[in-house]
Amino acid sequence: MSLHQMKINDRGHLEIGDCDTVELARQYGTPLYVYDEMKIRQNARRFLLAFQQSGCSFQVAYASKAFSCIAMAELAEEENLSLDVVSGGELYTALKAGFPAERIHFHGNNKSEKELRMALDAEIGCFVVDNFFELELLHDLAREYQREVKILLRLTPGIEAHTHKYITTGQDDSKFGFNVKNNHALIAIKESLNKPYFHLSGVHFHIGSQIFDVHGFVQAIRMIRKHLDHVHEETGYEVEVLNVGGGFGIQYTEEDHPASIENYIQTITSEVKSEWEKRGLKFPEIWVEPGRSLVGNAAITLYRVGAIKDIPGIRKYVSVDGGMTDNIRPALYQAKYHAVLANRAGESPHEEVAIAGKCCESGDILVRNIHLPKVNSGDLLALFSTGAYGYSMASNYNRLPRPAVVFVKNGKSRIVIKRETYEDLIQNDRRKQVFAY
Ligand SMILES: *Cc1c(COP(=O)(O)O)cnc(C)c1O
């Protein structure tokens with residue numbers, strides 16, 4: 001839920017998808033991720049409409065790492081999205097959801113032979129090849145399968161998007177992709193063109209995540225086009241597909257001012273059109289890979305407030321029943337979040353507090369400074385914009401069971417991932433056996 005669309009009912013409770021959050025917490029327990037299904041659908045439709053209006057051919061591939069589960073893959077299928085996966089597990093989830101294999105793209109800098117075979121068996125639509133090792137391995141497998149495989153090559157354009165260093169990926173010193181500057185990209189393109197079991201559909205780049213400024217995309221497109229000119233001179237090759245990655249930013253707090261979905265797509269499509277037109281080339285199909293911008297602002301996390309510790313003159317800690325186990329982003333990259341008291345959402349701020357998680361780490365702080373009404377134990381806290389990289393990065397640290405996830409729509413709710421039980425936590429543990437070794 002984005003900050004300015006907060007709905008409060010006449011009981012003073014926060015609502016999402018026309019559901020009362022206090023009721024949701026009562027019904028499903030806390031912590032609880034709640035996704036507004038229509039918000040995800042609207043985000044998807046905004047991407048598709050913006051592309052349709054540009055007149056370009058396109059694919060919008062949901063980067064499933066942002067939030068992967070059967071229900072999400074079903075929704076992506078219904079909204080005519082393609083799907084990016086980066087592991088056997090994400091691929092398995094998509095296939096189990098009945099997602100059409102030809103719309104699945106496989107990413108990652110270290111796909112194992114087993115994962116590649118799984119994807120070949122499923123006959124997925126495209127492999128985004130990341131390095132020379134994979135180029136050889138995948139081609140050997142394609143020969144074994146006696147099948148032409150569609151690939152994109154992931155290039156590293158040497159662009160640094162202005163975002164946190166752990167989430168920039170387009171710079172030269174990166175574990176991802178073939179570098180443009182040192183000629184690895186050209187060599188990889190030549191090798192791909194010479195391999196009989198590959199069909200090189202085009203190139204891919206991804207310059208980072210939580211990017212607010214459209215200019216990074218413009219720069220990267222120009223840089224890649226220049227390189228493609230060089231490739232064209234050397235080989236005569238032209239791309240059919242240009243995949244510009246994801247990374248479109250969303251609003252977490254009032255300090256965040258990302259461009260709109262329409263603005264990103266309009267900028268990207270015009271830049272591609274103008275660069276290609278200058279050269280008299282046929283426009284490529286443009287692919288984007290939004291993760292965060294499809295699901296991030298569609299969800300909130302509900303927590304129950306427990307212990308409150310006031311250190312006079314220093315800080316007041318309000319502890320909740322989740323934390324870094326369901327949202328690692330504040331601990332991992334100082335991510336900022338906005339929160340409200342969901343059961344008293346209409347009340348004015350009264351005090352500044354820190355919202356602490358319950359894990360045994362001093363860094364387990366969800367929000368360092370936030371103004372809330374006077375907080376009491378038992379209050380319900382809603383953290384906003386937790387739909388991306390929340391559940392998908394969740395862990396069982398301190399043996400906390402992972403929360404449930406519900407989808408809400410038109411006043412109705414449904415479980416899409418059930419809460420883990422203590423039994424789930426020990427299901428793979430084995431007791432000592434006297435004669436085991
Ligand atoms: C992570 C990633 C994405 C999605 O990034 P968001 O910031 O969630 O939009 C897209 N493409 C690639 C290659 C990625 O690694």
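Since we're looking at a predicted model, the values are computed, not measured. Order of appearance sets the numbers: ligands from 1, and atoms from 1 within every ligand.
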With a heavy-atom distance limit of 4.0 Å, tell me whether [X] approaches ligand 1 through its side chain, its backbone, both, or neither.
X      : answer
Phe176 : neither
Ala66  : neither
Glu289 : both

Salt bridge check: are [X] and [Y] linked by an N-O gap of less than 4.0 Å?
X      : Y      : answer
Glu262 : Arg45  : no
Glu77  : Arg103 : yes
Glu90  : Lys65  : no

Taking atom [atom1] of [X] as the centre, report whether more than 12 heavy atoms of other residues, nucleotides or ligands fall under 6.0 Å from it.
X      : atom1 : value
Lys278 : NZ    : yes
Tyr237 : OH    : yes
Lys358 : NZ    : no

Judging by distance only, is a nitrogen or oxygen of [X] under 3.5 angstrom from one on ligand 1?
X      : result
His204 : no
Gly247 : yes
Lys65  : yes

Table please: side-chain donor-acceptor pairs of residues 93-100 below 3.5 Å, with sequence neighbours left out.
| unit_1 | atom_1 | unit_2 | atom_2 | d |
| --- | --- | --- | --- | --- |
| Thr93 | OG1 | Gly89 | O | 2.8 |

Which of the atoms of ligand 1 are close to [X], meaning less than 4.0 Å from one of its heavy atoms?
X      : answer
His107 : 13 (C)
Gly291 : 4 (C), 6 (P), 8 (O), 9 (O)
Tyr389 : 1 (C), 4 (C), 5 (O), 6 (P), 8 (O)
Ser209 : 6 (P), 7 (O)
Arg154 : 13 (C)

- [ ] Show your working on ring-ring contact (aromatic ring centres under 6.0 Å, His included) between Tyr62 and Phe47 and close with a plain yes or no.
- [x] CA-CA 11 Å; Tyr62 168 56; Phe47 272 103; over 10 Å; no
